[in-house]
Amino acid sequence: MRFLAAAIVIVLGMGSAGCGGSRERLIPYRAGLLLEFGPPIRRNVPSIPSGASFCRAPDVRLKAAGFDVFPFHQSAYYFEVINRGQSVCVLRGHPVVRFRSEVPVRVSEATSSTDGYPDSGPAWGLRPGAVGSLVVYFQYGDYHGPLGARRVVVTVSLPDSGGGRRLNLPAYPPGATVSLSPFMPPALTEPPAMPWPLRARLEVPKTAWAGDPGLDFVVRLTNVSRRPFRFPYCPGAGARFGAEGTYEAINCHPIGTLAPGESVRLAQRTRVSPYFRPGRRVLEWFIEADDAGSRIEATAPIEILRG
């Protein structure tokens, strides 16, 4: 009788778990979603207090901060913009540039390389002690004539300020191009990435046909932490048999917020190579995202059939 009672308890417990699983939401599969590679970038335009004036030397100075050399006769020269004054000053647009050159020089505007700062170069406030940035790109074309470099002297300075920083650069006929980034504010301080507290488990069919272009399966994601979790963006997920498979953005927006211990079922789809021989294969599903802190993955065996 004790054995029978224990068996009844076990059966009832399994039934309850099964009913709970059936109530989990199923998020439909959607093809062609845009891949997102990180959370939305915050707008980075530091505020300007009333009465602030434009940045000028000597309170604000340019300081060389190194350079890089790239293929195809390209180089980049980096500058820091340092406010040594006692109040916020205003920077806007691009620096002033002057040339002394033995070859023609063309000038163009480059885009911002600071996340969140618009390419249009709106005005922003540089706080005392803060350090902004500026990049000068230099490129000269191929030259197949007699050897002999010419000199290009580029002087970069703040608007309405004397002095500046000088670059002595080599160039060849027919000339060179100088591209100037806008004055860019300091990069925003991002909070440290926290690992995504998710555990994955696959629900797959027992068999699949070789050459199936749309093998449907389900990923059960569970929040294993004690705090609510919400995807900060929809990452890409890989589904593959060995080297064969797919990589697509998951349909994460309908998931919303997962409470501690809550699970959701995510419909997924991949393809099966037509060259697979009959036999057992392992389907691997995974998410790799910088914010995830580690790889979230799950595997399941499937028997491959041939028609």
Side-chain angles (χ1 to χ4, degrees), residues 36-70 74-100 105 107-139 152-169 177-195 232-233 289-293:
E36 301 173 13
F37 296 96
I41 296 173
R42 294 182 292 157
R43 182 177 169 85
N44 182 10
V45 182
S47 60
I48 302 171
S50 177
S53 59
F54 283 98
C55 298
R56 291 183 174 84
D59 287 341
V60 178
R61 58 172 294 193
L62 296 178
K63 178 184 177 182
F67 66 93
D68 285 319
V69 177
F70 305 106
Q74 300 180 78
S75 51
Y77 298 85
Y78 307 101
F79 296 91
E80 293 179 343
V81 188
I82 307 171
N83 185 357
R84 299 185 182 275
Q86 301 299 316
S87 59
V88 175
C89 65
V90 180
L91 283 170
R92 180 179 62 193
H94 296 76
V96 173
V97 61
R98 299 185 299 273
F99 303 101
R100 189 171 72 249
V105 177
V107 181
S108 65
E109 295 181 353
T111 58
S112 167
S113 58
T114 296
D115 288 345
Y117 183 67
D119 293 334
S120 57
W124 57 277
L126 181 64
R127 302 188 319 274
V131 180
S133 60
L134 166 70
V135 186
V136 177
Y137 301 95
F138 184 76
Q139 180 178 16
V152 176
V153 180
V154 181
T155 302
V156 182
S157 62
L158 297 166
D160 302 323
S161 294
R165 304 297 301 185
R166 179 177 297 179
L167 298 172
N168 291 290
L169 306 172
T177 299
V178 173
S179 300
L180 306 168
S181 79
F183 290 110
M184 297 175 290
L188 293 172
T189 301
E190 298 293 342
M194 299 297 291
Y233 60 94
D290 292 339
D291 295 52

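It should be emphasised that the depicted structure is a prediction, and the values quoted were computed from it without experimental measurement. Note: hydrogens, waters and symmetry copies are ignored here, and every other heavy atom, side chains too, is used.
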Handout entry: Residue among Thr177, Leu167, Val152 satisfying side-chain contact (heavy atoms from CB on, under 4.5 Å) with Phe138
Key =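 Exactly one option meets the side-chain contact (heavy atoms from CB on, under 4.5 Å) with Phe138, and it is Val152.
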Within a strict 4.5 Å, meaning less than it, do heavy atoms of the [X] and [Y] side chains meet?
X: Phe183; Y: Cys55; result: no
X: Val97; Y: Thr155; result: no
X: Phe99; Y: Val153; result: no
X: Tyr77; Y: Val156; result: no
X: Cys89; Y: Asp59; result: no
X: Glu109; Y: Pro182; result: no
X: Val45; Y: Tyr117; result: yes
X: Arg127; Y: Asn83; result: no

From [X] [atom1] over to [Y] [atom2], what is the distance, rounded to the nearest 0.5 angstrom?
X: Trp124; Y: Ser47; atom1: CH2; atom2: OG; value: 11.5 Å
X: Leu188; Y: Arg42; atom1: CG; atom2: CZ; value: 4.5 Å
X: Asp119; Y: Met184; atom1: CG; atom2: CE; value: 10.0 Å
X: Leu134; Y: Tyr78; atom1: CG; atom2: OH; value: 11.5 Å
X: Arg166; Y: Leu62; atom1: CZ; atom2: CG; value: 14.0 Å

Exercise for the section: Indicate the atoms forming the closest heavy-atom contact of Pro122 with Arg43, along with that distance. Expected result: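 For Pro122 versus Arg43, the nearest heavy atoms are CG-NH2, 4.4 Å.
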Problem - Closest non-hydrogen atom pair between Ala76 and Phe70, with its separation - result: CB-CE1, 3.7 Å
Handout entry: Backbone of Val135 reached by a side-chain donor or acceptor of Ser181 within 3.5 Å
Key =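 Between the backbone of Val135 and the side chain of Ser181 there is a qualifying donor-acceptor contact (under 3.5 Å).
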Practice task
For Arg56, enumerate each residue passing the salt bridge (Lys or Arg N to Asp or Glu O under 4.0 Å) test, keeping only those at least two apart in sequence or located in another chain.
Solution key: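 Partners of Arg56 under the salt bridge (Lys or Arg N to Asp or Glu O under 4.0 Å) test: Asp160.
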Handout entry: Verdict with reasoning, Ser179 to Gln139, per side chain to side chain contact (heavy atoms under 4.5 Å, CB included)
Key = CA-CA 8 Å; Ser179 300; Gln139 180 178 16; over 6 Å; no
Practice task
Step by step, work out the side chain to side chain contact (heavy atoms under 4.5 Å, CB included) result for Asp115 and Asn44.
Solution key: CA-CA 7 Å; Asp115 288 345; Asn44 182 10; over 6 Å; no
Exercise for the section: Answer yes or no: does atom CZ of Phe67 have more than 12 heavy-atom neighbours from other residues, nucleotides or ligands under 6.0 Å? Expected result: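 Check fails, neighbour count at 12 or below.
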Handout entry: side chain to side chain contact (heavy atoms under 4.5 Å, CB included) assessment of Leu126 paired with Val88
Key = CA-CA 5 Å; Leu126 181 64; Val88 175; 5.7 Å; no
